[in-house]
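Reading through the structure tokens given below for one structure.
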Amino acid sequence: VTASIQTPHIDWLTLSPELSLLAAGALCLLVAVLTPPSWRRGLGAFFALAGFVTAAIFAGVVFHRSVDPSLQVGDAIVRDRLGMFGAFIVCGSGILALFTSYGHRMRKEYVAEYYALLVTAGAGMCFLLQAHNLITLFLGLEWFSIALYVICAIDMELETSLESGLKYLVIGSFGSAVLLFGSALVYGATGQVEFSAIAANGNPHDAMFVAGLAMMLVGLAYKASAAPFHQWTPDVYQGAPTPVTAFMSAATKATALIVMLRVLRTAFPQEAHLWTIVVAVLACASLAVGNLAALAQKDVKRMLAYSSISQAGFMLIPIASNNSLGARGLLYYLIPYCAAAVGSFAVVAARERELQAPVTFDTLSGMGWERPFLGASMWVFMLGFAGFPLTGGFVGKFYAFSAAYDRGWVWLMIVGVVATVISLYYYLGVVRAMYFRTPAELQLLPAGGSPPREVALQIGVGLALAVTVGSFFAVEPLIEIARKAAETLVF
Amino acid sequence: MAAWIVTILIFLPVAGALACFVFPVGGQYVAAFAALVAFVEIGFWIDALARFDFSKGLQFEQQASWFKDLNVSYHVGMYGFSLWLVGLTVVVMATAIMYALVAGRDRPRAYYGLMLMLVGAVVGVFTSQDLVLFYVMFEAMLIPLYVLVGVWGGAGRLGATFKFVVYTMAGSLLMLVAIIAFGLTAGTFDLVNSGPSSSSWIFLGFAVAFAVKAPLFPFHGWLPDAYREAPPEVSAVLSGIVSKAAAYGFLRIAIVKFPGPTHDFRTPILILAAAGLVYGSVLAFRAPDVRGVIAYSSLAQMGLITLGLFAANNLGFDGAVLQMVNHGLISATLFLLAGAIERRTATGEFVLLGGMARGRPALATLLMITGVIALAVPGSSAFAGEFLVLAGVFQQHWLYGVVGAVAIVLAAMYMLRLISGVLHRDVGSAVSDAARDLVPGELAILVPLVACLIALSVWPAAISDHSFPSATLAITSNVSSTSNASSNATNSTSTYHRPVGTPAVPHGSMTGEGGNLP
């Protein structure tokens, strides 16, 4: 008699985004080994793009076919619209990041590996977004984190890149460890790993269980770079190659926030009275820290890093509101936010390549007139972050504040409004630097020659621009998608 | 066509702006194109004027859902007073664009594109019938203004834009909070279909936002810098039109939607408005330069308009709307004249100016006419407006009338000081023979503006009798029925929508004391 291991039934369609991304990663690695050096950049980028596009298409198909959520693969993975919505956002950010990466100076030795790591990180995020028990949760988190640790440090000639990778590794691992410890406590308290089973067995008066919840929240807050767990963000964002920063600031944050929403809503609905307050406090802290620190920055990448902390604060407001308005508001907001995040870092990358030096507010001066398209796009991205109308950022903030009001937390809405006023200083500071001052005024030496033309980067910025502005006009269809995605989380 | 006219008025200039940004054409062609768009815009407005039925309320209504789950829609339409304010906008913007064409501006594609964007946004403010749309348009005004001042402004432009943006955004975001609170409570953000609210907090959110944008005393900290540093035609737009957007907001939102709080806060607001009227007039009298006088007189005039609005009776409303248009035309003309003077003498300081009347008859005549109308000489349109406002506010309390009358005397003082400081006295050190009279291009801009003012002086009733659909306005019925505001919430909604046939409200019945004079 042969002993047979009971293997779970696997619904391959559920895993199709991850699988297509992994296949693309494998192809990129083959490119790295088998093709002549001069082909690697083009082929790697092509396979990575194909992977992201395929994954996005699969995500759309699964979204369409998954009206009701279902648990798959031994109840470890959930097939639902929320996960697929997240996967779509990750793939979208990935595509934009690819356009930004293409012109980035990279050695032939690792360029194909770079693309392989990028798609692998994307696959990990998609997996995490579908996680439905504590084990897949940790697995997904580590999967994409490890890929990102490496990719941050990939530019070996850049001193800051190594430092950035190392910092991210150390602090990120700490965050993962806290999450793991929290998961262990939750498992210890309930004897369950699956989220809905945890919800059924959890006892809000059990100290161990609540401690586990708190530690899991902290672990996810690390990934979303919410204050006070944000310390790694400025250094890592500043040091990492700019296209990687672009991808991280969009996709990682989106993933962490969606997963936080899912975990809190599906595993800990009984403890909402506890975690809503904690999340609201995290939101306020992030808004305060991110905004105040961003005011003082001279380096644009660093400023954007702090701004991403404050944006995390904004997006925690709808989570803290714990209502369906907040859920769909958050999901909607992620669309223009991710586009503006990748887009703004892409513009910074373009300036960086032009100047061969880090971009500061001073070296940004006059850029709006020299490169009108990039300048106007950067302007729109900044307006998007600041929540001005004619960008989707306005509608996102409108929903976030509405959700807080609906919850009855007017104070949280006021905090968000005050934070927005402060944030204007540095967001409009970028516009001021680009348009109001001339390089002559600051006595910068003219670089000479025309700036390098980068078609790929411009396409990426153009797409990001289209999404940032388009999401303002197409609110109805996007909110409808977000509403469908949020249906998984029963409110 | 009639249904589309408001949408055309909003989006035609926006399309023109995009065309300016996209097509790489040379300077004068872009300027001419922008001017053409501005004139076509005026043409559409005249078309709207011809089709408008002044005996009815909201017209040219158009509505399309924007996001359903919060009941936000693209909903536009015009009341009588919106029509006049849109008219003011298209006329002043056209002249501002023409002025820029004559004066010449660097980076024309960006400049004219932003000017055209601004036209669309301001028209949008005056015609939005949905709160979210209103907010969007209100903010959309700020974006081009920020750049117009920041790039093409004077030496102190960075500080001026910073103050301007921080003040107005702080106000605007308070308004956003108020809008969310109002809309989620009412279940819709539609201005026509929502009933009145009795929340003081929400009212204050709106009131502060409008008070900053207008600006009203004590929220005017941004005003002197912005009006001085902006290019003259942008100052003309700022004080002529953008400030009216705030006054419009008071009228359309703060007063109509919040009858109870309007009643409760009337006294402090009237006192602040009266204080601003006197304070602005005194500052205008003391200002050392031409633009300073116009800027502070603008502050004073906004105080006067607010007096009229919060008198909350027919006379006050009619006078306020007339005065909005008057002041828009006057301050635009004066700022453009100030720009013309600055172009010739490179200064606006009174110590360096003077004696410009000799040999410059066109400049002298235009400045004189505008100045005389501005100081509300009997027979002028400003006299008609101020008279109505004061008559309206007199019914609230005679003291406001006294303050207003004093301020008119002050207005005469500062306007005459402006006129004599520029035209008369000894020839200033900055005034050389090279400073010629107005050129035909400038006359072509300024004469039509002054002609509008003269026409209004001849027939002020064109506006004061044609702003609200019937002799008695539903707005007043809302305000006066504060005691049973909640009970007739649905009822008064429909009255505002079709505001005819409301009972004649005895003036001053709201407080019970305003009309009873010693």
Side-chain angles (χ1 to χ4, degrees), chain A residues 324-325 328-329 332 368-369 372-373 375-376 379-380 383 386-391 394-395 397-408 410 413-414 416-425 427-429 431-438 441 472-480 482-483, chain B residues 14 21-22 24 64-70 72-74 106-107 109-110 113-114 117 121 124 132-143 146-147 149-153 157-158 161-162 165-185 189 201 205:
Chain A
S324 65
L325 191 62
R328 61 176 181 271
Y332 170 85
W369 304 115
F373 174 66
W379 187 19
V380 172
L383 292 181
F388 263 88
L390 305 188
T391 66
F394 163 70
V395 183
K397 282 199 180 167
F398 186 79
Y399 268 95
F401 294 156
S402 297
Y405 183 83
D406 207 37
R407 167 99 169 76
V410 179
M413 182 163 78
I414 304 269
V417 164
V418 172
T420 306
V421 175
I422 298 173
S423 74
L424 285 173
Y425 178 81
Y427 288 136
L428 291 180
V431 177
R432 192 162 56 229
M434 285 193 308
Y435 287 93
F436 294 7
R437 301 152 86 185
T438 55
E441 215 174 286
F472 175 77
F473 292 99
V475 178
E476 184 65 39
L478 293 178
I479 268 293
E480 189 57 22
R483 193 184 59 73
Chain B
V14 174
F21 293 143
V22 172
S65 174
W66 186 12
F67 34 119
K68 280 198 209 83
D69 62 343
L70 293 179
V72 177
S73 62
Y74 171 82
D106 293 342
R107 310 188 191 283
R109 279 169 60 205
L114 290 169
M117 253 179 89
V132 178
L133 186 67
F134 177 83
Y135 181 81
V136 164
M137 296 297 183
F138 202 76
E139 291 295 278
M141 288 195 307
L142 186 62
I143 299 169
Y146 175 66
V147 182
V149 181
V151 175
W152 289 272
R157 61 187 191 277
L158 291 183
T161 47
F162 179 67
V165 165
V166 169
Y167 265 90
T168 47
M169 278 308 287
S172 300
L173 286 162
L174 273 179
M175 177 161 79
L176 182 61
V177 174
I179 287 175
I180 290 173
F182 180 87
L184 290 186
T185 313
F189 289 87
W201 289 111

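Naming: A, B, ... by sequence-line order, numbering from 1 per chain. Reckoned from all heavy atoms, side chains included, excluding hydrogens, waters and symmetry mates.
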| message | If I take atom CG from residue B/L173 and atom CG from residue A/L424, how far apart are they, to the nearest 0.5 angstrom? | response | 7.0 Å
| field | B/W66 and its ring-ring contact (aromatic ring centres under 6.0 Å, His included) partner, picked from A/F472, A/F398, A/F473 | value | A/F472
| field | Heavy-atom proximity to chain B below 4.5 Å, by part of A/L428 | value | both
| Which atoms of B/S172 come close to chain A, meaning under 4.5 Å heavy atom to heavy atom: side chain ones, backbone ones, both, or neither? | neither
| said: Give me the atom names and distance for the closest heavy-atom approach of A/P389 to B/I143. | reply: O-CD1, 4.2 Å
| Could you walk me through whether A/W379 and B/V147 pass the side chain to side chain contact (heavy atoms under 4.5 Å, CB included) check? | CA-CA 11 Å; A/W379 187 19; B/V147 182; 3.3 Å; yes
| For B/K68 against A/E476, the heavy-atom pair lying closest together | N-OE1, 2.5 Å
| task | With the side chain counted from C-beta on, respond yes when B/D69 and A/Y399 share a heavy-atom pair under 4.5 Å apart, and no when they do not. | result | yes
| Contact class of A/V418 relative to chain B, heavy atoms under 4.5 angstrom | neither
| said: In the structure I gave you, are the side-chain heavy atoms of A/L325 and B/L70 within less than 4.5 Å of one another anywhere? | reply: yes
| field | Whether B/Y135 and A/F394 hold their rings parallel, tilted or perpendicular, with breakpoints at 30° and 60° | value | parallel
| Shortest non-hydrogen separation from A/V417 to B/V177 and the atoms involved | CG2-CG2, 3.3 Å
| message | Taking every non-hydrogen pair under 4.5 Å, which of B/G153, B/G150, B/A170 racks up the most with chain A? | response | B/G150
| field | A/R483, part contacting chain B, at a heavy-atom distance under 4.5 Å | value | neither
| field | Any side-chain heavy-atom pair of A/Y425 and B/V166 under 4.5 Å | value | no
| message | I'd like to check B/F67 versus A/Y332 (side-chain heavy atoms, cut-off strictly below 4.5 Å). Are they in contact? | response | no
| note | Between A/V421 and B/M169 the two heavy atoms that sit nearest each other are CG2-O, 4.4 Å
| task | Tell me, for B/L176 versus chain A, whether the close heavy atoms (under 4.5 Å) come from the side chain, the backbone, both or neither. | result | side chain
| task | Step by step, work out the side chain to side chain contact (heavy atoms under 4.5 Å, CB included) result for B/V151 and A/W369. | result | CA-CA 11 Å; B/V151 175; A/W369 304 115; 3.6 Å; yes
| request: Starting from the C-alpha separation in whole Å, work towards a yes-or-no answer on ring pair (Phe, Tyr, Trp, His ring centres under 6.0 Å) for B/Y146 and A/F388. | output: CA-CA 13 Å; B/Y146 175 66; A/F388 263 88; 8.5 Å; no
| request: Look only at the side chain of B/R157 and the backbone of A/F436, and say whether a donor-acceptor pair between them is shorter than 3.5 Å. | output: yes
